[in-house]
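Below: one structure, written as structure tokens.
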Amino acid sequence: MARLDVRTFIAAAPEVVWDVVTDLERQRDWMVDLRALEIVSEAKIGAGVVMHVTSELFGMPVVKDVMTITAWEPPHRMDVSHSGQFSGTGAFILERIDNGTIFTWIEEFAPPLGPLGEAGFALVVRPHMARVFRRSLANVKRIAEERAGGAGASSP
């Protein structure tokens, strides 16, 4: 299983960050590699939501994914399962700390092609994805901090 884990500090309360990252229809505002997201389930929010997602890899919109929200714990955690071209899991974890939130994004999946795919992931794909995810986290940080306006970032 390949794992990617990135995190950042955001000077906004978890509730503000949660509102940014769980607004599914606006994820393109911050998620750098997202090209299309369509909610295909009857449920539009919370556990059980199913989405068809197209993401890019190295600038090409080639990753077709079916994502299902498996955990919805406002304002702390949202988990998804991936069952498209890649199988695995993802999680957004928000931890309240003094003056803000630590936002952690974890993805775990099995690269295709067995050991060859794992080697390719480690050498080429992981560094690229880490850069893309860090850029996405910087966008969340900017949006959430703008919404928080610097006031009340540490309020419960």
Side-chain angles (χ1 to χ4, degrees), residues 1-41 43-57 63 65-111 118 121-122 124-156:
M1 213 36 124
R3 180 181 170 102
L4 184 62
D5 182 333
V6 293
R7 64 188 52 155
T8 195
F9 168 77
I10 300 174
E15 294 80 4
V16 175
V17 179
W18 177 263
D19 287 345
V20 173
V21 299
T22 61
D23 185 349
L24 303 175
E25 294 180 345
R26 300 218 41 191
Q27 281 191 342
R28 283 192 67 187
D29 291 352
W30 63 269
M31 197 174 289
V32 172
D33 62 335
L34 181 63
R35 292 297 156 253
L37 184 152
E38 178 186 6
I39 298 172
V40 296
S41 59
K44 303 300 180 202
I45 192 167
V49 169
V50 178
M51 300 164 279
H52 289 176
V53 177
T54 302
S55 298
E56 72 175 36
L57 185 60
V63 180
D65 198 0
V66 177
M67 294 172 51
T68 303
I69 297 176
T70 58
W72 185 269
E73 302 168 14
H76 302 292
R77 184 176 188 118
M78 181 178 82
D79 293 357
V80 299
S81 67
H82 299 280
S83 59
Q85 291 174 312
F86 294 90
S87 61
T89 60
F92 294 156
I93 302 166
L94 308 177
E95 177 187 355
R96 183 183 309 277
I97 63 167
D98 288 344
N99 300 314
T101 303
I102 298 293
F103 175 25
T104 303
W105 183 355
I106 301 169
E107 293 287 342
E108 293 182 323
F109 58 91
E118 289 186 23
F121 176 81
V124 179
V125 178
R126 180 192 315 263
H128 171 74
M129 286 179 64
R131 284 190 299 275
V132 169
F133 282 24
R134 281 192 292 272
R135 287 176 44 216
S136 294
L137 290 181
N139 288 336
V140 172
K141 178 179 176 72
R142 177 184 46 78
I143 294 167
E145 289 177 354
E146 286 173 0
R147 287 185 185 180
S154 62
S155 64

(Q) The test is side-chain contact (heavy atoms from CB on, under 4.5 Å); show your working for V140 and V21 and say whether it passes. (A) CA-CA 7 Å; V140 172; V21 299; 3.9 Å; yes

Q) Rounded to the nearest 0.5 Å, what separation is found between the OG1 atom of T8 and the CH2 atom of W105? A) 12.5 Å

Q: Quick one: pull up CG in L24 and CG in L34 and give me the separation to the nearest 0.5 Å.
A: 10.5 Å

Q: State the OG1-CG distance between T89 and D79, to the nearest 0.5 angstrom.
A: 7.5 Å

Q: Would you sort out whether E15 and R96 count as a side-chain contact (heavy atoms from CB on, under 4.5 Å), showing the intermediate values?
A: CA-CA 9 Å; E15 294 80 4; R96 183 183 309 277; 2.6 Å; yes

Q: Kindly give the heavy-atom pair with the smallest separation between I10 and A144, and that separation in Å.
A: CG2-CB, 3.9 Å

(Q) So for atom CZ, which belongs to R142, do other residues, nucleotides or ligands contribute more than 12 heavy atoms lying within a distance under 6.0 Å? (A) yes

Q. Of the non-hydrogen atoms in A11 and A148, which two are nearest, and what is the gap between them?
A. O-CB, 4.2 Å

Q) Could you give the distance from CD (E25) to CD (E38), rounded to the nearest 0.5 Å? A) 10.0 Å

**Q.** Atom of V6, atom of F133 and distance for their closest heavy-atom approach
**A.** CG2-CB, 3.7 Å

Q. Between the main-chain N or O of V32 and the side-chain N or O of S136, is there a donor-acceptor pair closer than 3.5 Å?
A. yes

Q: Return yes if some donor-acceptor pair links the side-chain N/O of E108 with the main-chain N/O of G90 below 3.5 Å, else return no.
A: no

Q.
Would you say that V49 contacts K44 through its side chain, given a criterion of any heavy-atom pair below 4.5 Å between the two side chains?
A. no

Q. Where do L37 and R28 land on the side-chain contact (heavy atoms from CB on, under 4.5 Å) test, with the steps shown first?
A. CA-CA 8 Å; L37 184 152; R28 283 192 67 187; 5.8 Å; no

Q. Got I69 and M78 here, is their nearest side-chain heavy-atom distance under 4.5 Å?
A. yes

(Q) I'd like to know whether CZ of R135 has more than 12 heavy-atom contacts from other residues, nucleotides or ligands below 6.0 angstrom. (A) no

**Q.** Heavy-atom side-chain proximity of V80 to F92 below 4.5 angstrom
**A.** no

Q. With a 4.5 Å heavy-atom cut-off, do T101 and W18 have their side chains touching?
A. no

**Q.** Carboxylate-amine/guanidinium proximity below 4.0 Å for E107 and R126
**A.** no

Q) Any side-chain heavy-atom pair from V66 and H52 closer than 4.5 angstrom? A) yes

Q: Measure the shortest side-chain to side-chain distance between N139 and D29 over non-hydrogen atoms and say whether it is less than 4.5 angstrom.
A: no

Q: Please report the shortest heavy-atom distance between W72 and I45, naming the atom on each side.
A: CZ2-CG1, 3.3 Å

Q) Side-chain contact, heavy-atom cut-off 4.5 Å: K141 with L137? A) no

(Q) I want to check something: taking the side chain as every heavy atom from C-beta on, are V20 and R147 in contact at a cut-off of under 4.5 Å? (A) yes

Q) How far does NE2 of H82 sit from OG1 of T70, to the nearest 0.5 angstrom? A) 9.5 Å

